[in-house]
Amino acid sequence: MARVDEASDDGFEASDDGGYDGDQLDLEERHALRRVVGLSTELADVTEVEYRQLRLERVVLAGVFNGDLRDGENSLAELAALAETAGSQVLDAIMQRRDQPDPGTFLGSGKAKELRDIVVETGADTVICDGELSPSQRRALEDVVKVKVIDRTALILDIFAQHARSREGKAQVELAQLEYLLPRLRGWGESMSRQAGGRVAGGEGIGSRGPGETKIELDRRRIRTRIAKLRRQIREMKTARDVSRHDRKRHEVPSVAIAGYTNAGKSSLLNRLTNAGVLVENALFATLDPTVRRAETSDGRTYTLADTVGFVRHLPHQLVEAFRSTLEEVADSDLVLHVVDAAHPDPEGQIQAVRTVLADVEAHQVPELIVLNKADAADPEVIARIRSRERAVVVVSARTGEGLAELQSRIEELLPRPDIDVEVLLPYGRGDLVSKVHDDGTVLVEEHLAEGTRISARVHPALAGELTGYAV
């Protein structure tokens, strides 16, 4: 049996003296709401777990791994960090090497009894399994350990529910939660009794009674109705996002998406590059709502930087589907800054996990620049190893500012440039076109003549069309 007492802290605290994170108006509000350990009102009957909010307090972790022990320990340490982010206290952990989880109780029967002994010894009230449990596995394990059992997916959904702030984010999280809950509903007691059906409710008596709907069937129908409503709402919200994205494309504004593993420092990097003031916290999934900010290259070209939701190993497919409209910001971008926590024990595993999700949303074809963050805390050997394996790598520290100048230079190199050469004579009354050429194109030669401003430049196709009438 392998035990893990607490999650390793691979993140970094924001420094108070640098001030680089901007005005984080949400941070104080988030810290004002904390869970109080020891004030649980959980019911003794664990069969009602599906209908109660996940109020995690004192937890024991359970994992099954097949392969390298270090990978299993890293996964369990990440689960501990997730549990602490959700507001619980991790007391102990147990691991078992198996080819695949037991179809009955996830762990083998012997390990399940060991887990029960650990729960009794530590006084835990929740067991979190490092994997997705089927309804029968969870029910069987609860029968053995006699406390509430949840899986990794339910834990991540609970964290998302705590951190969602925008209307779209809340709708996406609720949709993912309902899709996860629907196949896991089960009835007990009066939930299995029949309701009046047919015309008996009208007092017509014998011969008019029908079997009616069970309560669990009614619950399932209500959940399906709510899921359909949420999908409509998200489609409507997606329209506004599509309009903004189309407007940027129409004006030939390049876009850069910041993607990466949760707690890799994406928001800190956005704040460093644009002074966005996005909330930064040493916690997993601290920010969920995408943030788009404007930036400029050294030669005056405008582009946008979009911060996206963080990824994690085995990110629940319900969340990937629910956040698909948000993740389209990555798929439609011109460049992906793939931020990697270089101080993490397994940065290569993080890179692979992120690329798996990007492939799911068809964003794997977008040019990618690996940004190794937290260079001030990373092992130089790890940085050298990743540099040798990846083609485009920049090493930075959002905390100290190291490498940011090189990062901005690489962004300028990789952004699409205007590709149509024009030579025009613009009357002095068309200063708007002169401004557009400077903002959206690359001016090669500019000369002020008596007839107007003569410009040789490289511009985008749309602007070239506007300038056709003034060609020399």
Side-chain angles (χ1 to χ4, degrees), residues 1-8 40 42-50 52 54-159 180 183-184 186 284 312-317 345-346 349 353:
M1 179 179 70
R3 294 194 178 187
V4 178
D5 292 326
E6 59 182 271
S8 60
S40 172
E42 296 289 351
L43 299 177
D45 182 5
V46 297
T47 59
E48 296 193 21
V49 64
E50 287 88 357
R52 289 181 282 125
L54 299 176
R55 293 184 293 275
L56 308 181
E57 295 173 355
R58 298 164 60 82
V59 303
V60 173
L61 311 180
V64 172
F65 71 98
N66 176 22
D68 187 16
L69 175 62
R70 185 178 176 183
D71 291 340
E73 290 176 343
N74 286 339
S75 181
L76 209 60
E78 182 176 276
L79 185 68
L82 287 167
E84 290 177 352
T85 299
S88 62
Q89 178 185 2
V90 179
L91 303 177
D92 212 333
I94 186 172
M95 294 172 59
Q96 183 179 27
R97 186 192 295 273
R98 293 178 61 97
D99 291 337
Q100 58 185 7
D102 186 274
T105 55
F106 185 69
L107 299 169
S109 57
K111 281 293 182 183
K113 291 177 182 176
E114 275 189 48
L115 179 61
R116 169 60 182 165
D117 294 339
I118 294 173
V119 168
V120 172
E121 177 188 340
T122 59
D125 56 17
T126 303
V127 169
I128 306 178
C129 293
D130 190 17
E132 185 165 335
L133 301 179
S134 68
S136 61
Q137 281 177 319
R138 182 164 61 174
R139 185 160 53 246
L141 193 55
E142 282 177 349
D143 291 341
V144 175
V145 299
K146 305 301 182 185
V147 296
K148 179 175 66 178
V149 175
I150 64 171
D151 58 17
R152 185 187 183 96
T153 300
L155 176 61
I156 294 175
L157 290 173
D158 185 60
I159 296 172
Y180 173 80
R184 288 167 173 80
R186 66 175 187 259
L284 306 186
V312 73
R313 285 184 182 87
H314 313 301
L315 189 67
H317 67 274
D346 184 22

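Position 1 is the first residue of the sequence; numbering continues from there.
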Distance (rounded to the nearest 0.5 Å) between [X] [atom1] and [Y] [atom2]:
X: Q100; Y: N66; atom1: CD; atom2: CG; value: 9.0 Å
X: E121; Y: E114; atom1: CD; atom2: CD; value: 11.5 Å
X: D158; Y: S88; atom1: CG; atom2: OG; value: 9.0 Å

If I compare all heavy atoms of [X] with all of [Y], which pair ends up nearest, and what's the gap?
X: L141; Y: C129; value: CD2-SG, 3.6 Å
X: G63; Y: L107; value: O-CD2, 3.9 Å
X: P135; Y: P183; value: CG-O, 3.8 Å
X: A83; Y: I128; value: CB-CD1, 3.9 Å
X: F106; Y: A62; value: CE2-O, 4.0 Å
X: L76; Y: A93; value: CD2-CB, 3.7 Å

Residues two or more places apart in sequence or in another chain: which of them pass side chain to side chain contact (heavy atoms under 4.5 Å, CB included) with D68?
R70, D71
Are the side chain of Q96 and the backbone of K111 linked by a donor-acceptor contact shorter than 3.5 Å?
no
Thinking salt bridges, do R139 and E142 make one under a 4.0 Å N-O criterion?
no
Given L79, L115, D130, V127, the one that forms side-chain contact (heavy atoms from CB on, under 4.5 Å) with L61:
L79
If we check side-chain contact (heavy atoms from CB on, under 4.5 Å) with I156, which of these qualifies: T85, D151, L82?
L82
Side chains of E73 and L69 in contact at under 4.5 Å (non-hydrogen atoms)
yes
Before you tell me yes or no, could you show the steps for D92 and T122 under side chain to side chain donor-acceptor pair (under 3.5 Å), namely the whole-Å CA-CA distance, both residues' side-chain angles and the distance that decides it to 0.1 Å?
CA-CA 8 Å; D92 212 333; T122 59; over 6 Å; no
